[in-house]
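Here's the structure we're looking at; comments come further down.
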Amino acid sequence: MFPARYAREMPHRYRLEAHKCKQCGKVFVPRREICDKCGATEFEVIRLSDRVKLVTYTIIHTPASQFKDQSPYALGICEFPEGVRLTAQVVDIDFADLKTGMDLQVEFRRIQTDGHEGILSYGYKFVPVI
Amino acid sequence: MFPARYAREMPHRYRLEAHKCKQCGKVFVPRREICDKCGATEFEVIRLSDRVKLVTYTIIHTPASQFKDQSPYALGICEFPEGVRLTAQVVDIDFADLKTGMDLQVEFRRIQTDGHEGILSYGYKFVPVI
Amino acid sequence: MRDVAVIGVGMPKWGELWDKSLRDVFVEAALLALADTKVDKLDNMLIGCMSGGLFVGQEHIGAIMADYLGQRHLAAGRVESACASGGLAFRCAIAEVASGMSDVVLAGGVEKMTDVSGDGATYALAAAADQEYEVFNGATFPGLYALMARAHMEKYGTTRDQLAHVAVKNHHNGTKNPNAQYPFEVTLDQVKNSVMIADPLRILDCSPITDGAAAVIVCPMEMAKDLTEKPLVKVTGLGQATDAIALHSRQDITTIEATTVAAKEAFAMAGKGPKDIDFAEVHDCFTIAEIVVTESLGFFEPGKGGPAVEAGETARGGRIPINLSGGLKSKGHPVGATGIAQIYEIVKQLRGDAGERQIENAKVGLAQNMGGSGASTLVHILEVA
Amino acid sequence: MRDVAVIGVGMPKWGELWDKSLRDVFVEAALLALADTKVDKLDNMLIGCMSGGLFVGQEHIGAIMADYLGQRHLAAGRVESACASGGLAFRCAIAEVASGMSDVVLAGGVEKMTDVSGDGATYALAAAADQEYEVFNGATFPGLYALMARAHMEKYGTTRDQLAHVAVKNHHNGTKNPNAQYPFEVTLDQVKNSVMIADPLRILDCSPITDGAAAVIVCPMEMAKDLTEKPLVKVTGLGQATDAIALHSRQDITTIEATTVAAKEAFAMAGKGPKDIDFAEVHDCFTIAEIVVTESLGFFEPGKGGPAVEAGETARGGRIPINLSGGLKSKGHPVGATGIAQIYEIVKQLRGDAGERQIENAKVGLAQNMGGSGASTLVHILEVA
Ligand SMILES: [Zn+2]
Ligand SMILES: [Zn+2]
């Protein structure tokens with residue numbers, strides 16, 4: 001992955017920065033130029049809560065090449081209290097303990113070792129609440 | 001390069017096989033399902049002559065990655081007596097001796113070491129007539 | 001707009017076509033479509049292809065295909081809406097004809113998926129999802145549909161068996177399709193015991209990796225009689241819509257809103273509703289997709305798609321036969337070609353020319369083609385003219 | 001067909017936009033185009049993009065852009081004809097409107113080329129040529145145009161200086177374009193002494209690698225007055241053609257037949273000839289390309305394109321100003337966006353709104369956008385309504 005491309009998403013992936021529409025309050029990750037709810041174009045940067053709810057999940061048995069060393073792994077969609085949802089791995093949990101609606105928290109983790117150039121990439125994963 | 005893809009073109013690249021329209025005689029490399037001159041769909045396989053004429057050429061100084069070890073190299077379009085033209089490297093010749101209209105011959109050579117998987121690829125190049 | 005007729009269709013056998021290149025695969029289909037008409041010179045050509053770049057390193061698909069089709073100077077372009085690229089090609093071809101900009105237009109679709117490794121194909125297909133916020137975090141295509149499947153199962157009680165019934169039905173239909181990649185029966189047990197891909201989806205819940213192409217030819221209705229001897233088929237409804245690219249950004253992940261919106265548009269234009277459709281080809285890239293889509297199209301209430309397939313309502317002879325061609329499941333899924341192959345099947349049925357697959361009273365057919373995890377959909381309604 | 005008007009145009013600054021992703025780059029341009037009109041809801045969107053797959057691993061460009069443009073459910077697709085993808089998007093948008101299938105349609109173009117290495121960009125661009133019979137043997141894009149250049153020079157006596165004059169002229173024009181990537185002057189000597197890329201073409205004969213987007217909005221002429229306060233611009237001529245994908249398979253490599261055929265079609269439709277064109281934006285991906293194309297369009301006899309640029313006939317104030325925007329050379333060449341940026345410039349000139357670049361009596365403009373080494377061309381003629 002080319003450095004500029006990775007760096008652009010760092011605020012979202014590293015610090016869970018989100019953009020909140022100044023007019024209607026809808027929250028977006030990643031940032032947008034225009035709100036799809038009200039059409040406004042002004043946003044404030046907020047930090048998302050790190051407590052989320054699991055909306056749905058799966059266990060991936062045949063991943064892309066850069067995730068093969070982690071297979072099988074759980075992947076889930078979680079909802080933040082701010083209304084935004086994101087997709088990420090659910091880790092540090094037995095697959096049997098996964099349950100729709102459960103509380104999880106968001107942690108900063110290593111995501112992948114990029115296939116071609118071997119750059120380590122970091123971002124968010126979902127983990128059980130301690 | 002995936003083996004099936006490379007293998008498909010071998011008759012053209014290894015043996016200079018061409019397809020000649022049974023109706024109008026137009027010659028094609030690679031093979032086609034339909035003649036763009038007369039619309040016929042029957043072809044016979046012929047072997048191209050190995051003597052050609054240089055139509056135009058250039059010296060490539062900034063090649064694709066898999067050709068970097070050969071740079072700079074001459075690339076030319078040559079016309080076969082059968083009417084078909086092809087693009088390939090012109091080798092074993094000083095750049096200063098290249099001349100539009102000159103006679104060249106076609107030889108079977110190594111073309112590239114494929115970037116990703118390191119497979120050696122072979123095909124035709126143009127060389128001076130001996 | 002000018003009324004548009006489909007006057008020719010062509011589709012060769014699909015599969016792992018190792019001896020054929022991208023251009024060979026397309027040209028074969030296009031020549032079959034031309035041979036189905038009295039046309040020998042096209043005015044324009046639009047080709048659906050999801051990723052010539054990632055699958056074979058070849059873009060500029062319109063030009064290369066016009067060249068190898070032997071139609072020098074033919075105006076030709078390529079369109080893309082991921083796995084709905086074929087449906088988009090059909091729409092753009094209709095626009096060319098309906099506007100009067102062109103008379104005889106070929107709409108084709110092609111994908112050559114086996115020239116890369118399995119990992120390469122996974123990477124290429126993932127380009128239909130949000131690369132930065134889904135794929136980066138480990139999402140795969142089966143994975144995204146698995147997320148939908150679990151949500152649908154938990155919300156509506158859709159069962160593992162109901163998912164399997166989609167595969168069983170479509171493979172059964174596919175046994176009657178000589179062009180299908182996998183024209184064999186599968187049993188409920190085989191589906192349920194096949195290799196796990198993304199829980200709850202197993203390998204037999206997934207459409208395969210396929211090389212293939214299909215082509216259809218459209219022209220103004222008033223010219224159609226002179227250009228074909230086949231029964232005439234008219235395009236009566238068109239619909240197109242998108243939704244958030246990332247599944248997690250959609251309002252409801254147990255339905256495909258892009259399909260609902262596109263279908264409404266197509267129904268309104270045709271002056272028809274779901275009950276007026278005699279049969280449909282829908283985008284069963286995964287078994288769950290067919291269940292969700294039959295609901296989103298309005299054929300069944302939300303949550304009733306699973307029970308419907310289990311009860312045989314979507315089987316041949318059922319209330320509304322779905323995927324008589326075998327669907328993506330059995331026929332194969334060369335992504336750019338799928339939307340055109342749907343039109344092929346509908347035209348064959350409307351003409352009464354579908355061979356062993358033919359159903360009775362096929363007067364109105366619907367095609368639903370979608371891209372990615374449902375972020376785009378094209379719906380077309382075709383009728384006997 | 002319904003008459004079609006261009007009612008809005010948008011183009012932000014082009015360059016190496018490291019802080020912007022593919023979606024950011026496109027949305028910025030699309031919002032500018034919308035802001036140029038009274039429209040807030042589109043009916044359809046067509047986006048030219050050559051290779052989202054090879055440049056950033058992202059396909060499904062229509063859906064992702066509709067999403068980030070905040071127009072949920074908007075029907076949106078992507079089209080491709082290599083470096084002519086933008087021109088194709090414009091044509092497809094016109095077909096949507098002319099047919100009556102849609103009223104207000106955005107035609108956009110985008111490419112994000114700096115997210116890969118130079119080698120990655122070379123690989124992606126080469127996908128516009130014949131991958132198996134040109135690229136496999138060592139052809140590059142500058143190499144293909146260099147083959148044309150040598151043939152043109154030997155046949156017609158076109159000189160190294162004449163090639164350089166194209167770069168000098170276009171960079172001079174670009175100094176007046178605030179959106180240009182390289183808005184600086186270059187001298188004849190600088191061009192002729194710059195680094196050799198593919199003999200006789202040097203780095204300053206080549207258009208750059210660029211991130212950028214552009215967007216225009218079209219609607220039926222009868223609705224145009226209600227949707228914009230700007231002077232109206234009408235699309236009066238359309239032409240599209242292809243030729244053999246491989247340069248070596250063309251009948252004559254010193255001309256671009258696809259351009260000649262497309263131009264004839266556009267001229268016939270507009271009821272105009274080359275002499276009626278007040279100014280043109282043409283596809284100067286390399287200096288030799290502009291010389292050849294001005295001949296293929298009929299602005300000059302074969303072989304007279306070189307002397308014409310040397311004599312200043314294509315300069316600002318010359319007989320027919322070419323590339324007042326700076327062309328691909330100075331403005332940049334984000335491949336999928338280029339064709340739309342040409343329309344942007346023509347509309348700005350026809351409106352009398354081109355700022356420092358404005359010429360007098362701009363009533364009829366022509367855009368010529370080509371793909372690969374000339375295997376596809378789109379020509380559009382626009383006029384003051
Ligand atoms: Zn808002
Ligand atoms: Zn012939």
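Letters A, B, ... mirror the listed sequences (proteins, then strands); counts begin at 1. These numbers were taken from a predicted model, which means no experiment stands behind them.
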Atom group of [X] that falls short of 4.5 Å from chain C, counting heavy atoms:
X	value
A/Phe28	neither
A/Lys125	neither
A/Tyr57	both

- prompt: Counting distance only, does the side-chain N/O of A/Gln112 pair as donor-acceptor with the main-chain N or O of C/Phe136 below 3.5 Å?
  reply: yes
- prompt: Which of the residues C/Gly120, C/Pro142, C/Gly143, C/Ala149 is involved in the greatest number of heavy-atom pairs with chain A at under 4.5 angstrom?
  reply: C/Gly143
field: Top contributor to chain A contacts, counting heavy-atom pairs under 4.5 Å, from C/Thr140, C/Val135, C/Leu247, C/Leu144
entry: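 Highest number of heavy-atom pairs under 4.5 Å: C/Thr140.
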- request: Tell me, with the steps shown, if C/His171 and C/Phe184 meet ring pair (Phe, Tyr, Trp, His ring centres under 6.0 Å).
  value: CA-CA 6 Å; C/His171 271 280; C/Phe184 50 69; 5.4 Å; yes
message: Listing request: all ring pair (Phe, Tyr, Trp, His ring centres under 6.0 Å) pairs with a residue in residues 84-113 of chain A, at least two apart in sequence or in separate chains.
response: A/Tyr14-A/Phe108, A/Phe108-A/Tyr122
message: For residues 74-89 of chain A, give me every residue with a non-hydrogen atom less than 4.5 Å from any non-hydrogen atom of chain C.
response: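 Under the 4.5 Å heavy-atom cut-off, A/Leu75, A/Gly76, A/Ile77, A/Arg85, A/Leu86, A/Thr87, A/Ala88, A/Gln89 qualify.
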message: Could you check whether any side-chain heavy atom of A/Cys21 comes within less than 4.5 Å of a side-chain heavy atom of A/Cys38, counting everything from C-beta outward?
response: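 In short, these two side chains touch, coming nearer than 4.5 Å.
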query: Any side-chain heavy atom of A/Lys37 within less than 4.5 Å of one from A/Gln23?
result: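 No, their side chains stay 4.5 Å or more apart.
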field: Pairs where residues 245-261 of chain C contributes a residue and the test salt bridge (charged side-chain N to carboxylate O under 4.0 Å, His left out) is met, not counting sequence neighbours
entry: C/Lys155-C/Asp252
- prompt: Does any donor atom in the side chain of C/Tyr133 or A/Glu9 lie under 3.5 Å from an acceptor atom in the other side chain?
  reply: yes
query: Does the side chain of C/Thr255 pick up a donor-acceptor pair with the side chain of C/Ser296 at under 3.5 Å?
result: yes
field: Segment of C/Ile253 engaging chain A (4.5 angstrom heavy-atom cut-off)
entry: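 It is the side chain, since no backbone atom gets that close.
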message: If the condition is side-chain contact (heavy atoms from CB on, under 4.5 Å), which residues does C/Thr210 pass it with, not counting sequence neighbours?
response: C/Trp14, C/Gln181, C/Pro208, C/Pro334
- prompt: So which of A/Thr62, A/Ile60, A/Thr58 has the biggest tally of heavy-atom pairs under 4.5 Å with chain C?
  reply: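 That would be A/Thr58.
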